[in-house]
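The first residue of the sequence shown is numbered 1, and numbering continues consecutively from there.
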Amino acid sequence: MAAALPWRRGVWRRARLLVVPALAALALPAGAALSADRDFRLEFRLGESVFQRLWVPAPASARSADGLGPLYNARACESCHPRAGRGPSPPGTGEAPAGLVARLSIPAATPPQRALLEEGRLGLIPDPRYGAQLQPLSAPGLPGEGRLAPRWQEHRVTMADGLVVALRQPRPRLEEPGHGPPDPGLRLSLRLSPPLLGLGLLEQVPEAEILAAADPQDRDGDGIRGRPNRVAGGRLGRFGWKATEPDLPEQAAAAFALDLGLSTPPRPDPWGDCTPAQPACRQAPHGGAAPHQPEVAPALFALTVFYARNLAPPPRRAVEAPGVRQGEALFGALGCAACHRPRLATAGGAPIAPYTDLLLHDMGEGLADGHAEWQAGGQDWRTAPLWGLGLATARPGGAGLLHDGRARSALEAILWHGGEALQARDRVLGLRAEDRAALLTFLDSL
């Protein structure tokens, strides 16, 4: 039904302006729209319906919902982002759950490949057979690319007061490859689907404000060397675990292509991540209302972006609980706020509290994946926003924090910090039990 409705550009432009005055909307439930305007709500709910749509392989009678694959990880955006949130915490046994995928790359092996990377014309070298992401699911008649079956290793860390915390680390593995052997230099990087709440506000933070916090040479001597990731065309990356996408349309197009195998206006190839080494995959039937048109029609794509752009960030909770103010002061004193900046401002001047600087930081060997993208190295990760952290830590089965969901609690996530964050992590290790409790209480309030 949504595909039959006319796309009203005027309404979309008018609704975009409603994102900025968001502090009044911070009292909304997580995942709610940022405005009560009637036209805005209509566009938002239509976008939500596209986000929840179950796509089917082509050919199908539902021409506005076919084209899934030929290779894919899920049938709907909602499958990996339940209620627009993060994917479920990996259980640590068995196969990877929905929302946990493996990004693929290989080292540059030829001078032309190295030149493409050095000149910023390519972000990474994908596996020549399996592409940029492993897709275990496939359309009828085609084999999937294999099973993602990470093995988990555990070690223990002892805090200064004697508390022992178990940390787990996944070792990603490709089992039963369905299209032949991958490149011998294949690198697999696990990625858990992040929450989408508040992304429209982060999109509106001016580039100048982000760059003002960058200090790649550590001129102030604090050990923090945040730097931007420059992606295609020299644009500032701000979305994704390594800040590889410059805006929400590009982020949505990448997700449609890699996760669902669907073409969009920014990424019109109908075969998604199928490589030339997978000819049957590239020749499989394509969806869409007409030949040479994207499978996600421009109107549906715009609705999806509109929905993601206007999801309200989660409100703070229990801000007057005992220990929250003390924990907030500790958060700054320990050095956490150097990267997890408590305050940013949108282009319209509205203050927001995402607790991120949107910059890359070297997080140490423990979190390294060896997977470089654009100017982000194998140990570099974009500072994750912390708004909504308390919602994650309250989930049954664990929080699923960090890029691969390894951390089941905020404390586990902190203890994995290394590199530029090592000093802050060591200060947390030395906290008294009551101070540590206050810090965690504050984080739960975000």
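The list of salt bridge (charged side-chain N to carboxylate O under 4.0 Å, His left out) pairs with a residue in residues 105-121, not counting sequence neighbours, reads Glu119-Arg121. Each side-chain hydrogen bond (donor to acceptor under 3.5 Å, both in side chains) pair with one or both residues in residues 132-145, not counting sequence neighbours, appears once here: Asn73-Gln133, Arg103-Gln133, Gln133-Asp259, Gln135-Asp273, Glu145-Gln278. A disulfide (SG to SG under 2.5 Å) check over residues 182-275, counting only residues at least two apart or in different chains, returns the pairs Cys274-Cys281. Within the structure, side-chain hydrogen bond (donor to acceptor under 3.5 Å, both in side chains) contacts touching residues 206-225 (residues at least two apart or in different chains) are Glu207-Arg230. Note on residues 84-117: no pairs pass ring pair (Phe, Tyr, Trp, His ring centres under 6.0 Å), not counting sequence neighbours. Note on residues 182-220: no pairs pass disulfide (SG to SG under 2.5 Å), not counting sequence neighbours.
Under the rule for a side-chain hydrogen bond (donor to acceptor under 3.5 Å, both in side chains), Gln283 has no partner lying at least two apart in sequence or in another chain. Qualifying side-chain hydrogen bond (donor to acceptor under 3.5 Å, both in side chains) partners for Ser105, counting only residues two or more places apart in sequence or in other chains: His371. For Arg235, the side-chain hydrogen bond (donor to acceptor under 3.5 Å, both in side chains) test picks out Asp247, with sequence neighbours left out. Residues passing the side-chain hydrogen bond (donor to acceptor under 3.5 Å, both in side chains) test with Asp362, sequence neighbours excluded: Gln379. Residues meeting the ring pair (Phe, Tyr, Trp, His ring centres under 6.0 Å) test with Trp241, sequence neighbours left out: none. Looking at residues two or more places apart in sequence or on another chain, you find a ring pair (Phe, Tyr, Trp, His ring centres under 6.0 Å) between Phe51 and Tyr307.
Among the candidates Val50, Val305, Thr264, the single residue satisfying the side chain to side chain contact (heavy atoms under 4.5 Å, CB included) test with Leu300 is Val50. Checking Phe301, Phe40, Phe44 one by one against Phe306, the ring pair (Phe, Tyr, Trp, His ring centres under 6.0 Å) holds for a single residue, Phe40.
His179 and Tyr130 have perpendicular rings, their planes meeting at more than 60° on a 0 to 90° scale where under 30° would count as parallel. His340 and His417 have tilted rings, their planes meeting at an angle from 30° to 60° on a 0 to 90° scale.
Using a 3.5 Å distance cut-off with no hydrogens or angles, the side chains of Asp357 and Thr383 do pair a donor with an acceptor. At a cut-off of 3.5 Å, with distance as the only test, no side-chain donor of Arg395 or Thr393 sits close to an acceptor on the other residue.
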